[in-house]
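Taking it in order: structure first as structure tokens, then the write-up.
Just so it is clear, the values below take in all heavy atoms, side chains as well, and ignore hydrogens, waters and symmetry mates. Counting from 1, the numbers follow the sequence of the chain as shown.
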Amino acid sequence: MVTQTQLAQLGLFDAKVPRYTSYPTAPHFDSSVGPGDFTNWIGAIAPDSEVSLYIHVPFCRRLCWFCACRTQGTQSDAPVQTYLETLKTEIEMLGQVLPKGVRLSRLHWGGGTPTLLAPSMMRDLAGAIADIAPFAESYEFSVEIDPNEIDGPRLDALAAAGMNRASIGVQDFNDEIQKTIGRIQSFDITRQAVDEIRARGVTSLNADILFGLPDQSNARITESVQKLLALSPDRVALYGYAHVPWMAKRQQMIPSDKLPTPQERLALFETARELFLWDGYTEIGIDHFAVEGDALSKAQKNGTLRRNFQGYTDDPADALIGLGASSISRFPQGYAQNAPATSAHTARIRAGQFSTTRGHVFTPEDRMRSRMIEMLMCNFRIDAAEILRDFDISQEALFAMLDKVQAEFGGLLNSTESGLAIPLKARPLTRMVARAFDAYELSKASHSSAI
């Protein structure tokens, strides 16, 4: 690996870099995209094709302090039921413009806590979706499950609806860390949830775990990872905790002086990474791990690994449709994001229009840079032949771009006639290398330096 001195000199420990689950990233969306664009882009989907559908449920029984997602707390089912009725109306509206014969390659319920829905609500939501688009033959229906907010009847409802992948948030199993981040979730409760999920024939299990949490040490993250490995998840996302209390006010409950330094964060990541590799997991991109035979492992081997708002995916669909407050859709034409606030989203749907309030229309250059960044994030290399084949750029211009980035990183990258590659030792820099191809971030940096 590149030394910490080299990483520091390149700015890794000071950098605030996007995760690049989209390009351009959401902060660069604007109000030029509206409901008309969303409707037109839905109508342009090819009949009898496959699409991905994301359903956002922005409610939690308790608000975890570490979380920066757009959610709201509720102890009553009343606002949830009202929101569900809005979702069902939105789904019906989608069905009216969705081309004939479209099927779902992927369905994901996220949040928030979608498992706070009562069994009857789950059945209503699943039924409304099935009415407009059936599952494709090789579909995947995944649900984010809070072990503290799940029981047998709700799992029965999800299994009956076709759930075949469950995603469980772990964060960390240490009691002290859980208290500090406002997320109490014992290993026993988590194990019970996993057992109940598998007892219903759901064999595919995802788990999320965080590094960079307050009071986290190498010994503590080792213990948490070992406990997680005892549950034998098929896929693990090892995410870095992002402390942004100016954006997520609840994070002000977390004392900043208990957070590890950037150098300590890197050590925590490497400790967890080595444990997953020692246990036989395949490393997927910058922060995922999967067992041999998992769909992500296969996608990485055959070159079909992709990047979307949920992280890494093997989803072949060209369109990802997001429903619910704040959801983001991705179409071949661009991004469309719904109104972030639940109240604003509900008002627009009740008025009979989709709630798209912002987004981005792709330019030809956007598409090229998006693919280059995705290549780096998925495969740690840019394939020059593919870029030259699929995009309108000359060989001279492309290699001038690659050589410029290679020079920025002091020779740590491999630049050859086949393209640009990030060697294993330099992979902590992957997001920074991706940012070097981000025209919007480069423009923002140039503007800031000129002020």
Measure centre to centre between the rings of [X] and [Y], then say whether the value is under 6.0 Å.
{"X": "F276", "Y": "F289", "answer": "yes"}
{"X": "Y239", "Y": "H288", "answer": "yes"}
{"X": "F331", "Y": "F38", "answer": "yes"}
{"X": "F29", "Y": "Y335", "answer": "yes"}
{"X": "W109", "Y": "F141", "answer": "yes"}

> Can you list the steps and then say if D315 with R307 is a salt bridge (charged side-chain N to carboxylate O under 4.0 Å, His left out)?
Replying inline: CA-CA 9 Å; D315 183 14; R307 190 91 169 139; over 6 Å; no

Measuring from atom [atom1] of [X] to atom [atom2] of [Y], what distance do you get when rounded to the nearest 0.5 angstrom?
{"X": "Q353", "Y": "E90", "atom1": "CD", "atom2": "CD", "result": "11.5 Å"}
{"X": "N164", "Y": "S204", "atom1": "CG", "atom2": "OG", "result": "6.5 Å"}
{"X": "T313", "Y": "L305", "atom1": "OG1", "atom2": "CG", "result": "8.0 Å"}
{"X": "T86", "Y": "L84", "atom1": "OG1", "atom2": "CG", "result": "8.5 Å"}
{"X": "S52", "Y": "L107", "atom1": "OG", "atom2": "CG", "result": "8.5 Å"}
{"X": "I184", "Y": "Q171", "atom1": "CD1", "atom2": "CD", "result": "12.0 Å"}

Which atom of [X] lies closest to which atom of [Y], heavy atoms considered:
{"X": "I286", "Y": "F269", "result": "O-CZ, 3.5 Å"}
{"X": "F399", "Y": "T416", "result": "CE2-O, 3.3 Å"}
{"X": "R273", "Y": "L238", "result": "N-CD2, 4.1 Å"}
{"X": "T113", "Y": "C60", "result": "OG1-SG, 3.2 Å"}
{"X": "S370", "Y": "R330", "result": "OG-NH2, 4.2 Å"}
{"X": "P214", "Y": "I254", "result": "CG-CG2, 3.8 Å"}

Would you confirm whether [X], through its side chain, and [Y], through its main-chain N or O, come within 3.5 Å as a donor-acceptor pair?
{"X": "Q251", "Y": "A242", "answer": "yes"}
{"X": "D279", "Y": "L275", "answer": "no"}
{"X": "E144", "Y": "I168", "answer": "no"}
{"X": "T25", "Y": "S22", "answer": "no"}
{"X": "T71", "Y": "P58", "answer": "no"}
{"X": "E270", "Y": "A267", "answer": "no"}
{"X": "T430", "Y": "R427", "answer": "yes"}
{"X": "D172", "Y": "I181", "answer": "no"}
{"X": "Q216", "Y": "L210", "answer": "yes"}
{"X": "R431", "Y": "P18", "answer": "yes"}

Short N-O contact, [X] and [Y], less than 4.0 angstrom:
{"X": "R371", "Y": "D383", "value": "no"}
{"X": "E149", "Y": "R154", "value": "yes"}
{"X": "R19", "Y": "D287", "value": "yes"}
{"X": "K301", "Y": "E292", "value": "yes"}
{"X": "R358", "Y": "D30", "value": "no"}
{"X": "R165", "Y": "D294", "value": "yes"}

Between E441 and R435, does a salt bridge (charged side-chain N to carboxylate O under 4.0 Å, His left out) hold up when you go through it step by step?
CA-CA 7 Å; E441 287 289 312; R435 186 179 61 177; 5.2 Å; no

- Task: Report the C-alpha distance between H108 and E140 in whole Å, list the side-chain angles of each, state the deciding distance to 0.1 Å, and finish with yes or no for side chain to side chain donor-acceptor pair (under 3.5 Å).
- Result: CA-CA 8 Å; H108 184 78; E140 182 178 286; over 6 Å; no

Enclosure of [X] [atom1] (heavy-atom neighbours >12, cutoff 6.0 Å):
{"X": "Q252", "atom1": "CD", "value": "yes"}
{"X": "D392", "atom1": "CG", "value": "no"}
{"X": "K298", "atom1": "NZ", "value": "no"}

*Step by step, would you call H56 with S327 a side chain to side chain donor-acceptor pair (under 3.5 Å)?*
CA-CA 6 Å; H56 188 62; S327 288; 5.0 Å; no

Q | Side chain to side chain, P233 and Y281, heavy atoms closer than 4.5 Å | A |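 Side-chain contact under 4.5 Å: yes.
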
Original post:
Where do R62 and D146 land on the salt bridge (charged side-chain N to carboxylate O under 4.0 Å, His left out) test, with the steps shown first?
Top reply: CA-CA 11 Å; R62 52 180 171 70; D146 180 352; 3.4 Å; yes

Derivation of the side chain to side chain donor-acceptor pair (under 3.5 Å) call for Q337 and T356 | CA-CA 5 Å; Q337 184 172 18; T356 308; over 6 Å; no

Q) Has R369 got its NZ or CZ under 6.0 Å from the middle of the six-membered ring of Y23, at an angle within 45 degrees of the ring axis? A)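 Ring-cation test returns no.
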
Open item on the list: Is the ring pair H243/Y241 parallel, tilted or perpendicular, if the boundaries are 30 and 60 degrees?
Closed with: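 It falls in the tilted class, 30° to 60°.
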
task: Assess whether side-chain contact (heavy atoms from CB on, under 4.5 Å) is satisfied between R367 and F391, documenting all intermediate values.
output: CA-CA 8 Å; R367 293 188 176 93; F391 300 98; 3.9 Å; yes

Item to complete: With side-chain contact (heavy atoms from CB on, under 4.5 Å) as the test, would you mind laying out the steps for M377 and Y312 before giving the verdict?
Response: CA-CA 9 Å; M377 298 294 290; Y312 290 102; 4.1 Å; yes

